[in-house]
*Asks:* 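What follows is a single structure, and I will ask about it in a moment.
Since the structure is predicted, the reported quantities are computational estimates derived from the model, not experimental observations. Because only heavy atoms are used, hydrogens play no part in the values below, and waters and symmetry mates are left out as well, while side chains stay in. Here is how names work: the chains are called A, B, and so on, in the same order as the sequence lines, proteins then strands, and each is numbered from 1.
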Amino acid sequence: MGVVRERFRPDGSLSTEAMEALQRDIAEAAVLEDVLEVDATDVRDGDALVAGVDQAFLEDRAVSAVVVCEGETVVAREHATTPLSIPYVPGLLAFREGEPVLAALERLDVAPDVVLLDGSGRIHYREAGLATHVGVCLDAPTVGVAKSLLCGTPSAPIDALQEGERVPIEADGEMTAPDGDVVGYAYQRRQYPDSTTVNPLYVSPGHRVSVETAVEIVAAAGGEYKLPRPIRLADRYADEVKAEQA
DNA sequence: GCGACAG
DNA sequence: ATCTTGTCGC
């Protein structure tokens, strides 16, 4: 797959103002409806190519890894290492990690039906998190899967979620989305029987996927851990590559 | 001014 | 994200 909208490619040398302006344009270009060739049932049945992306870091560069799964089978994987341009800034993650992510995805020969990324999609101040940014650049279906909440307000307590349950995340005053809009879901993939420890995933649409389908796909992606299999595998792969380069 | 903040 | 051993628990 490749970048089809060069104008949106993340550039770490831009000013903060320019980055934020670009994010507003990206949010405008993002499609929050289902425009993809598979649904959650296809994913669950192993009839879809689901890619997972994750990063690992060395002192001055980032390693991005992508693993493409078809059910429980890994059908492809690639990685790319690029120099780090800017430090981590909440809300501007795509400008730090977007370049290596796109580089890794551009090396993929097969086009996944949907790409799952570690980070937010529409759960973002300007509705343009990493998953949205990458999705719009590639014009491909993407979903953001974050381990913690960047912004937005859960419509109900997330501390009593049982395995498989979800709670809507609504836009609030610090976001560009209209207050009350459901921008994502807190989703509990795994939960231990008697544990009081809760750590749901925060799922939000990136591009060409509705918020409902986004969480359904993550629920159908499989895996034995907190993260859906494709991302979990990408996480491991990124660590392997990092170890080789260290 | 204060608080909150993906990876 | 990353620095890191053992350790509590399923």
Side-chain angles (χ1 to χ4, degrees), chain A residues 10 12 16 19-20 23 26-27 30 52-66 79-102 104 115-135 142-154 158 163 169-177 183-187 190-207 211 214-215 218 224-228 231-232 234-243 245-246:
Chain A
T16 297
M19 289 181 182
E20 296 181 348
Q23 291 183 324
I26 287 169
V53 180
D54 194 22
Q55 286 71 249
F57 299 85
L58 288 84
E59 293 182 50
D60 58 346
R61 53 222 158 103
V63 175
S64 182
V66 52
H79 67 82
T81 301
T82 66
L84 284 171
S85 49
I86 61 171
Y88 165 68
V89 177
L92 299 179
L93 183 67
F95 291 92
R96 174 178 166 81
E97 306 186 3
E99 295 184 33
V101 169
L102 288 173
V115 181
L116 274 34
L117 297 107
D118 62 311
S120 284
R122 197 186 178 205
I123 295 181
H124 180 276
Y125 308 118
R126 292 165 293 279
E127 302 172 78
L130 178 67
T132 310
H133 202 134
V134 169
T142 58
V143 173
V145 181
K147 295 181 291 298
S148 58
L149 191 59
L150 172 63
C151 58
T153 306
I158 53 82
E163 191 161 310
I169 301 299
E170 300 178 341
D172 56 30
E174 56 179 12
M175 299 172 66
T176 54
V183 293
Y185 279 99
Y187 175 65
R190 297 296 310 276
Q191 184 56 291
Y192 295 108
D194 61 327
S195 178
T196 51
T197 306
V198 291
N199 21 270
L201 290 177
Y202 296 92
V203 181
S204 58
H207 182 48
V211 65
V215 70
V218 169
E224 319 304 308
Y225 302 90
K226 174 176 177 175
L227 291 169
I231 294 184
R232 165 80 183 187
D235 180 89
R236 279 185 59 257
Y237 186 33
D239 281 339
E240 285 179 35
V241 176
K242 172 184 174 177
Q245 296 183 3

*Asks:* So A:Y88, base contact, sugar-phosphate only, or nothing? Heavy-atom distance under 4.0 Å.
*Replies:* base
*Asks:* Within the structure shown, what part of the strands sits under 4.0 Å from A:G91 by heavy-atom distance: base, sugar-phosphate, or nothing?
*Replies:* base
*Asks:* Expressed in angstrom and rounded to an integer, what is the separation of A:D239 atom CG from C:dT4 atom C1'?
*Replies:* 14 Å
*Asks:* Measure from the side chain of A:P90, starting at C-beta and using heavy atoms only, and say which of B:dG7, B:dA6, B:dG3 lies closest.
*Replies:* B:dA6
*Asks:* Whether A:K147 contacts B:dA6 is assessed here as follows: a side-chain N or O lying under 4.0 Å from the phosphate OP1 or OP2. Is that the case?
*Replies:* no
*Asks:* Base, sugar-phosphate alone, or nothing: which one does A:L201 contact when heavy atoms must sit under 4.0 Å apart?
*Replies:* nothing
*Asks:* Tell me: NE2 of A:H124 to P of B:dC5, nearest whole Å?
*Replies:* 15 Å
*Asks:* To check you understand the geometry: which heavy-atom pair defines the closest contact between A:R122 and A:T132, and what is its length?
*Replies:* N-OG1, 3.7 Å
*Asks:* Nearest to the side chain of A:Y125 - C:dC3, B:dG7, B:dC5?
*Replies:* B:dC5
*Asks:* Take the protein atom CD1 of A:I231 and the nucleotide atom P of B:dA6, then report the distance between them rounded to whole Å.
*Replies:* 16 Å
*Asks:* Could you give the CG-to-P distance, from A:D60 to C:dA1, as a whole number of Å?
*Replies:* 19 Å
*Asks:* In whole angstrom, what separates A:I86's CD1 from B:dG7's P?
*Replies:* 16 Å
*Asks:* State, with a plain yes or no, whether a side-chain heavy atom of A:V115 is found less than 4.5 Å away from one of A:V134.
*Replies:* no
*Asks:* Calculate the interatomic distance between A:L149 atom CG and B:dC5 atom C1'; express it in whole Å.
*Replies:* 10 Å
*Asks:* What I'd like to find out is whether the side chain of A:L92 reaches to under 4.5 Å of the side chain of A:Q23, using heavy atoms alone.
*Replies:* yes
*Asks:* Whole angstroms only, please: what is the CG-P distance between A:L150 and B:dG7?
*Replies:* 9 Å
*Asks:* Ignoring hydrogens and geometry beyond distance, is a side-chain donor-acceptor pair present between A:E170 and A:T153 at under 3.5 Å?
*Replies:* no
*Asks:* Quickly work out the A:Y202 OH to B:dC5 P distance and round it to whole Å.
*Replies:* 10 Å
*Asks:* Any side-chain heavy-atom pair from A:D235 and A:D239 closer than 4.5 angstrom?
*Replies:* yes
*Asks:* Classify the nucleic acid contact of A:A56 as base, sugar-phosphate or nothing, counting any heavy atom under 4.0 Å across all strands shown.
*Replies:* sugar-phosphate
*Asks:* Across the strands shown, which category fits A:S148 at heavy-atom distances under 4.0 angstrom: base, sugar-phosphate, nothing?
*Replies:* sugar-phosphate
